[in-house]
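Notes follow the structure.
Below, chains carry the letters A, B, ... as their sequence lines are ordered, and counting in each starts from 1.
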2 protein chains.
Amino acid sequence: MARPKAQPYHHGQLREALAASGRALLEEKGIRGFTLRECARRAGVSHAAPAYHFASIDDLLAELAVRGFQELAAAMTAEADRAEGGATGRLVGQGVGYMAFAAGNPALFQLMFSRDANRLETPALTAAADAVRKLQAAAVEAVIPHASGEVKQRMVDFAGASVHGFISLLLDGQIGGKDSSRALKARGLSLLSAMAETVVRVGG
Amino acid sequence: MARPKAQPYHHGQLREALAASGRALLEEKGIRGFTLRECARRAGVSHAAPAYHFASIDDLLAELAVRGFQELAAAMTAEADRAEGGATGRLVGQGVGYMAFAAGNPALFQLMFSRDANRLETPALTAAADAVRKLQAAAVEAVIPHASGEVKQRMVDFAGASVHGFISLLLDGQIGGKDSSRALKARGLSLLSAMAETVVRVGG
DNA sequence: CCTGAATCTTGACGTTGGAAAGAGGCAGAA
DNA sequence: TTCTGCCTCTTTCCAACGTCAAGATTCAGG
């Protein structure tokens with residue numbers, strides 16, 4: 001019978017607690033401001049406690065990235081399912097979900113797509129990132145089912161690059177410095193529709 | 001009369017030397033592996049010497065980013081000038097220059113477009129990044145001179161996002177994992193032509 | 001209750017970025 | 001020239017970092 005609360009089992013869920021405090025810390029201080037000790041401090045444990053659950057600080061960051069990719073995939077799917085307008089509508093919706101996740105978790109998003117995180121290359125990280133790419137590829141190919149494999153690949157490249165590039169530049173302040181959030185959303189949607197039209201035109 | 005070599009004036013060009021060793025170190029170890037002390041070590045000075053030339057490590061990184069943007073602008077212009085095919089050819093050429101710079105300086109490129117560097121927001125950094133954006137905008141607008149201001153802006157967004165997104169994903173290993181360099185260049189050029197066609201079609 | 005393994009704490013080591021104080025070297029004034 | 005003041009660099013110090021080793025605590029199963 002596990003003790004319900006109070007001091008729940010040594011700590012009990014330290015791995016989860018560290019992932020949670022780590023994620024918050026990441027968004028708060030950015031990648032360069034992220035420290036393992038502060039992460040442990042927020043979880044209420046000593047500075048060496050994380051070592052048992054994560055081999056190194058990079059290992060923790062990799063775990064955060066894995067969870068980020070999983071959440072990104074879920075956000076894309078959810079938004080695509082909500083969309084109307086057939087395959088093209090789903091493609092645009094998936095892009096909306098992608099951008100919304102990035103806008104809501106900018107530091108995590110940056111970590112996920114930084115070569116530092118990629119340098120870890122744990123199997124879990126590779127798999128999680130692959131799942132997102134498969135989702136993107138499927139959405140594009142559903143729009144142009146009769147195109148050749150090569151054309152499909154080029155359109156997958158194109159769609160993924162447009163969406164990723166726009167939101168990345170936006171989050172870095174390279175796009176729409178003083179524009180309102182509303183105006184920026186309009187620019188994002190406009191980009192998504194131009195992207196979708198190009199996929200349809202070139203692929204169809 | 002300045003002493004020619006040997007121990008040239010205290011150090012003489014420490015700021016330049018630090019920028020050079022810093023840039024090399026950045027590409028070698030990545031942003032997270034970058035340390036001020038190693039940077040000083042490679043320049044042959046004590047670990048506190050950089051303090052006089054750069055207020056902090058972030059200040060040094062900002063300087064590297066500024067120089068990166070200047071070099072990026074030069075690479076874009078050079079490639080555009082070399083291109084044939086009028087305004088559309090220049091637009092594609094500029095994209096080639098952009099991608100070539102990023103591929104040749106991946107860590108620096110990542111630094112330039114990381115919100116960490118942007119958090120510095122020195123006037124020089126803002127100006128250098130602005131210059132690159134102006135170059136991009138001019139190249140797009142030259143292709144669609146009769147379009148409305150709004151359409152022009154959307155196409156500038158679109159062109160910049162496509163190019164930036166593709167090379168970013170490529171450098172992060174999210175595109176073309178095991179493809180040959182030759183095949184990747186073909187995919188990049190294919191993306192650039194799809195981008196240019198869309199600009200012409202939507203804007204014209 | 002007892003024992004072994006899992007979990008966490010304490011303490012230490014080497015490294016980092018930065019501040020403070022001092023030494024060395026240059027330029028202009030005398 | 002010599003002197004004086006400033007610029008540049010070194011040395012020393014500090015708190016904080018990531019990681020390791022050793023000890024303490026707590027759980028699970030016999």
Quick one: [X] [atom1] to [N] [atom2], roughly how many Å, whole number?
| X | N | atom1 | atom2 | answer |
| --- | --- | --- | --- | --- |
| B:Glu38 | C:dG14 | CD | C1' | 15 Å |
| A:Lys29 | D:dA16 | NZ | P | 12 Å |
| A:Leu60 | D:dC17 | CG | C1' | 15 Å |
| A:Leu61 | D:dG18 | CG | C1' | 12 Å |
| A:Leu14 | D:dT26 | CG | P | 15 Å |
| A:Asp59 | D:dT19 | CG | C1' | 14 Å |
| A:Leu36 | D:dT19 | CG | P | 6 Å |

Verify the contact: side-chain N or O of [X] to OP1 or OP2 of [N], cut-off strictly under 4.0 Å; return yes or no.
| X | N | answer |
| --- | --- | --- |
| A:Arg15 | C:dA6 | no |
| A:His53 | C:dC8 | yes |
| A:Arg37 | C:dT16 | no |
| A:Tyr52 | C:dT7 | yes |

From the set [options], return the single nucleotide nearest to any side-chain atom of [X].
| X | options | value |
| --- | --- | --- |
| B:Ile57 | D:dG18, D:dC9, C:dG18 | C:dG18 |
| B:Thr35 | C:dT16, C:dA6, C:dG18 | C:dT16 |
| B:Ala48 | C:dT10, D:dT11, D:dT19 | D:dT11 |
| B:Ser56 | C:dG18, C:dT9, C:dC8 | C:dG18 |
| A:His47 | D:dG18, C:dA6, C:dA12 | C:dA12 |

One thing to verify: whether [Y] and [X] come together as a salt bridge, which I'm taking to mean a side-chain N less than 4.0 angstrom from a carboxylate O.
| X | Y | value |
| --- | --- | --- |
| A:Glu63 | A:Arg15 | yes |
| A:Glu71 | A:Arg23 | yes |
| B:Arg67 | B:Glu16 | yes |

Test item: A:Gln110 and A:Leu171 side chains (from C-beta on) under 4.5 Å apart, heavy atoms: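 A:Gln110 does not reach A:Leu171 side chain to side chain.
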Taking the six-membered ring where the residue is Trp, are the ring centres of B:Phe101 and B:Phe69 under 6.0 Å apart? no
For B:Arg32, report the nucleic acid contact type (base, sugar-phosphate, nothing); a contact means any heavy atom under 4.0 Å.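 Counting heavy atoms under 4.0 Å across all strands, no contact is made by B:Arg32.
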